[in-house]
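Report on the following structure.
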Amino acid sequence: MAVTTRKFTFAEYLAYDDLKIAEYWIVDPLQQQVTVCQLLAGRYDDTVFSGTMRVCSQIFPALNLTADQVIAGKISP
């Protein structure tokens, strides 16, 4: 799991700050990865998940899905 920190643009700041979005996900089927972006101290920390890695979310801590399941859009039994 890779964690990166990025400063968001002014437009992102206004949009996300107005909506108070604490976390959002980017699902990239071409790269076969899910990026979870969490707002911490005015910037987003991005964590990238791929393959059989369990996607971790502060908003949904009981969620038990892998990146592959999210990308496929289905839950395996």
Side-chain angles (χ1 to χ4, degrees):
M1 161 174 33
V3 178
T4 59
T5 301
R6 67 176 172 86
K7 292 182 181 178
F8 48 91
T9 66
F10 187 69
E12 286 177 313
Y13 173 80
L14 291 177
Y16 297 150
D17 187 53
D18 286 347
L19 296 173
K20 305 296 184 216
I21 296 174
E23 176 180 292
Y24 67 95
W25 294 22
I26 301 169
V27 178
D28 187 341
L30 297 177
Q31 294 291 324
Q32 294 291 298
Q33 65 187 28
V34 176
T35 303
V36 177
C37 309
Q38 297 172 333
L39 181 62
L40 300 169
R43 60 175 57 177
Y44 281 91
D45 284 345
D46 301 343
T47 305
V48 179
F49 302 90
S50 61
T52 58
M53 295 172 68
R54 182 179 168 270
V55 178
C56 298
S57 168
Q58 289 184 354
I59 304 297
F60 305 106
L63 190 66
N64 190 20
L65 293 173
T66 66
D68 284 343
Q69 288 174 308
V70 173
I71 292 164
K74 61 182 176 182
I75 300 172
S76 302

To check you understand the geometry: which heavy-atom pair defines the closest contact between [X] and [Y], and what is its length?
X	Y	result
S50	Q32	CB-O, 3.5 Å
V55	A67	CG2-N, 3.7 Å
C37	D46	SG-OD1, 3.3 Å

- Query: Would a hydrophobic clustering, with Ile, Leu, Val, Met, Phe, Trp and Tyr connected at side-chain separations under 4.5 Å, put V48 with L40?
  - Reply: no
Distance check, rounded to the nearest 0.5 Å: [X] atom [atom1] versus [Y] atom [atom2]?
X	Y	atom1	atom2	result
T66	F49	OG1	CZ	11.5 Å
L39	I21	CG	CD1	9.5 Å
L65	C56	CG	SG	11.0 Å
Q58	L63	CD	CG	13.5 Å

